[in-house]
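Here is the structure we will look at, set down as C-alpha cells.
These numbers were taken from a predicted model, which means no experiment stands behind them. Note that the numbering runs from 1 along the sequence shown for the chain.
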Amino acid sequence: FPKTKARYIMFTTESTGFCSIFELDIYEYNENMKVEDEIQSDVNIALGKTATSDNRPENQTYLPEFAIDGDILTRWAPMPGTADDTITWVLDLGQVYELDSISISFESCQSEFVIEICDTADGEYKIIEEGYPLDSVVEPYEITNIGQSARYIRYRRAGGAWGSFYEFCVYAK
C-alpha cells in the first residue's frame, strides 16, 4: 500500500471464532530505497517452490507443499510411522542460493531432527543443524548465519514420534 503516516494500527477480524496472531511486522517507509534493495535477506525464497516427502501425510490437508505456501493456518503433517522409519521432507529452491537463515514454525516436534543441505538432486547432503524435541512450540525455530550454498534443503527425523510444521522459511544472502 502507499506511504502512510500512522501512530496506531488496528487489526480486526470478522470471525467470531478463535483468532491468534503469530507475528505482525511493520516497516518504516524509506524513500531512498531502490527496488533492488527490497530483494534482500528478509524475502522468504521458499515460497511457492517445490516440497516433497516420501512419507504419507496424515490426510490430504497436510501435504508437503503446505509448509511453503505462506499460510500459517496450513501445515505439513506426515504419519508418525514406526521407530524404524525415517521421516523426510525435501525443499527444492529451483536454483543454488547462498543461504543466510532458516525459520521453522513447528506445530509439534517430539523428536530430534536434522536439517541438511545439498547443491544437486543426487549429491551428498551435509548436516547444518541438529535439532531437539521442543516442549512448547511458540516461537519459530531459527537457524542463523548459515553462510553456505544449496539448492535442496532436507528435514529428517526418526519415525515413531509426532512432528509437523506450519511454515518452513528460507532466507538468502
Side-chain contact test, heavy atoms from C-beta onward, threshold under 4.5 Å: evaluate it for [X] versus [Y] and give yes or no.
| X | Y | answer |
| --- | --- | --- |
| Asp100 | Lys173 | yes |
| Ser103 | Glu142 | yes |
| Ile102 | Ile128 | yes |
| Glu167 | Asp69 | yes |

Test item: Asn55 side-chain N/O and Thr86 main-chain N/O as donor-acceptor pair under 3.5 Å: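 Checking the backbone N and O of Thr86 against the side chain of Asn55, a donor-acceptor pair under 3.5 Å is found.
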
Side-chain donor/acceptor of Thr74 to backbone N/O of Phe66, under 3.5 Å: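 Checked: pair present.
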
Which residues share a ring pair (Phe, Tyr, Trp, His ring centres under 6.0 Å) with Tyr152, sequence neighbours left out: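 Listed in chain order: nothing, the list is empty.
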
Set of ring pair (Phe, Tyr, Trp, His ring centres under 6.0 Å) partners for Phe165, sequence neighbours left out: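 Partners of Phe165 by the ring pair (Phe, Tyr, Trp, His ring centres under 6.0 Å) criterion, ordered by chain and then number, come out as Trp76, Trp89, Phe106, Tyr155, Phe168.
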
Separation of [Y] [atom2] from [X] [atom1] (nearest 0.5 Å):
| X | Y | atom1 | atom2 | result |
| --- | --- | --- | --- | --- |
| Arg157 | Thr88 | CZ | OG1 | 10.0 Å |
| Arg151 | Tyr97 | CZ | OH | 10.0 Å |
| Cys118 | Lys126 | SG | NZ | 11.5 Å |
| Thr52 | Asp92 | OG1 | CG | 8.0 Å |
| Thr144 | Glu129 | OG1 | CD | 8.5 Å |
| Leu91 | Arg154 | CG | CZ | 12.5 Å |

Whether over 12 other heavy atoms sit under 6.0 Å from Asp119 CG: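 Correct, the count exceeds 12.
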
Whether over 12 other heavy atoms sit under 6.0 Å from Glu112 CD: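 Atom CD in Glu112 is not crowded, with 12 or fewer foreign heavy atoms closer than 6.0 Å.
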
Connected via hydrophobic side-chain network under 4.5 Å: Ile153 and Val90: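 Different clusters.
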
For Thr120, all residues meeting side chain to side chain donor-acceptor pair (under 3.5 Å), sequence neighbours excluded: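 In terms of side chain to side chain donor-acceptor pair (under 3.5 Å), with neighbours along the sequence ignored, Thr120 is linked to no residue.
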
